[in-house]
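Structure record follows, encoded as structure tokens.
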Amino acid sequence: EKLTVCVCGGGNGAHVMAGLAASRPQTEARVLTLFRDEAARWTEALKTSDLTVKRSFPDGSTDEVKGKPSLVTKDPAQAIPGADVIIFCVPAFAHQQYFTAIAPHVQPDTAIIGLPGQPGFEFQCFDILKDKAKRCAILNFETLPWACRITEFGKKVEVLGTKISLTGSKITGQSQLKFDPFQTLESLLKGQPKLKQANNYIEICLMAYIVHPPIIYARWKDWDGKPVSEKPLFYQGLDDFGGECLKKVSDENVKIARVVEQKKPELKQSNVLDLLDWYKQDYAETISDFSSIKTAMRTNTAYNGLVHPMKDAGDGKWVPDFHNRYLSEDIPFSLVITKGLAELAAVPTPEIDKVLAWCQEKLGKEYIVGSELKGKDLKESRAPQAYGFKSLDDLVNLL
Ligand code: NAI
């Protein structure tokens, strides 16, 4: 049966998703991109060429998948009506704009998929789509399935690596889809990665491992403000203090999960792992020393060459860039949500509070005050409190 897919976004991930979907028989792939002149540029590019996805596999082999989206537009009235599946493939800070744009046009029994959705995706979706969201299936995947980059805008994108498995959650609500959204997405992804279903959407939130803010906090909290002559290694430069900080944040995260499921058995959290166990599962091949979080990070060859985000300070020196996505995204769209869930479960989180307080100051924002989420910028985050959630029951009500 014919399937109509609308991919939202115009970056690396959106290119791969649009190319793979367009290559599939019986599938109409549309793209909605709201950013600047991306829709016009992409449309122009497709006049003379297909969209090619070049995929590299671990054994060194490559292949090419070609397709042509039927439409690339910035007009949601063209892109959304008739779409069976809407896939967000765009950084979380842009989601609000997309939800607002699609809201008037979304039809019942549509699958709305965050690939990735990132924490707070469902809260924002229900807030903007209101009752329409209840008639849709809302899926949220833990991350993007690929490491990828555009090589020629609108025409060529390269997949450097594909995850083996990817977990996502689903809120079915009152929707009655005429297809299984996990199976459909898996076939749109050409069978890789294998998709697994999480117990619920809160589990996906607490599974999303938050490592960037603690690493940045640990590295720079005692920095004297003087430019440095080398960009420090991000993961492999982790010291004892950083390792301890990550361990405590991970312990708090696991504790939140355990308390949530204890208080609300409907919100089972069995897939939420301690950070070190998570590394054992996801990086078994590339880490040589699993004795601690510190050694796991330092010996992970997948992290070779990755450095702290830095800005040029002249004279061959560098200063940290605190407005990089590692903080500007991972605070309001990740760690603040974890803290919000902790508050609803009444779990104290002294380490997360410390990291949040330091990071928010670097961003010039205020989410947390002392140990409470009541800062003036809370509304800009996707914490459940920003949408009026007051208890764990409110979380259960979305199921
Ligand atoms: P990207 O960096 O390619 O996204 C850029 C796109 O976002 C732009 O083309 C535009 O469509 C939109 N955009 C940028 N600024 C905007 C603004 N001010 N307003 C509205 N829209 C704007 O993102 P990418 O690489 O596709 O990643 C998507 C998500 O997946 C991100 O959250 C990223 O962190 C995550 N991810 C990406 C990986 C990768 O290899 N590319 C790997 C793992 C996760």
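All ligand and atom numbering here is 1-based and tracks the order in the structure.
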Query - Check: Phe35 N/O within less than 3.5 Å of ligand 1 N/O - result: no

Query - Heavy-atom proximity to atom 14 (C) of ligand 1, best of Phe93, Phe88, Phe153 - result: Phe93

Requested in this report: Please confirm whether His308 and Trp318 have ring centers closer than 6.0 angstrom.
Outcome: no

Report summary line: re atom 37 (C) of ligand 1, the protein heavy-atom contact at minimum distance is Leu144 CD2, 3.5 Å

Requested in this report: For the pair Lys68 (side chain) and Leu46 (backbone), establish whether a donor and an acceptor sit closer than 3.5 Å, ignoring hydrogens and angles.
Outcome: yes

**Report entry** Aromatic ring proximity, centroids under 6.0 angstrom, Phe99 and Phe121
**Finding:** yes

Query raised in the report: Of the protein's non-hydrogen atoms, which lies at the shortest distance from atom 9 (O) of ligand 1, and what is that distance?
Result: Glu38 OE2, 2.5 Å

Query - Heavy-atom nearest neighbour in the protein, as seen from atom 26 (O) of ligand 1, with distance rounded to 0.1 Å - result: Gly13 N, 2.7 Å

Report task. Just need the protein heavy atom nearest to atom 5 (C) of ligand 1, so name the residue and atom and give the distance. Result -> Gly11 CA, 4.0 Å

**Report entry** Those residues that, when tested against Ile164, pass side-chain contact (heavy atoms from CB on, under 4.5 Å) (two or more places apart)
**Finding:** none

Report summary line: The answer for which part of Leu34 has a heavy atom under 4.0 Å from ligand 1 is neither

Query raised in the report: In the protein, what heavy atom is nearest to atom 25 (O) of ligand 1, and what distance, to one decimal place, separates them?
Result: Asn12 ND2, 2.9 Å

Report task. Can you sort out the partners of Asp239 under side-chain contact (heavy atoms from CB on, under 4.5 Å), two or more places apart, ordered by chain and number? Result -> Phe241

Query raised in the report: Any N/O of Arg325 closer than 3.5 Å to an N/O of ligand 1?
Result: yes

Report task. Would you check whether His15 reaches within less than 4.0 Å of ligand 1, judged by its heavy atoms? Result -> no

**Report entry** Salt bridge present between Arg41 and Asp37 (N-O < 4.0 angstrom)
**Finding:** yes

Query raised in the report: With the threshold set at 4.0 Å, does a side-chain nitrogen-carboxylate oxygen contact exist between Asp50 and Lys155?
Result: no

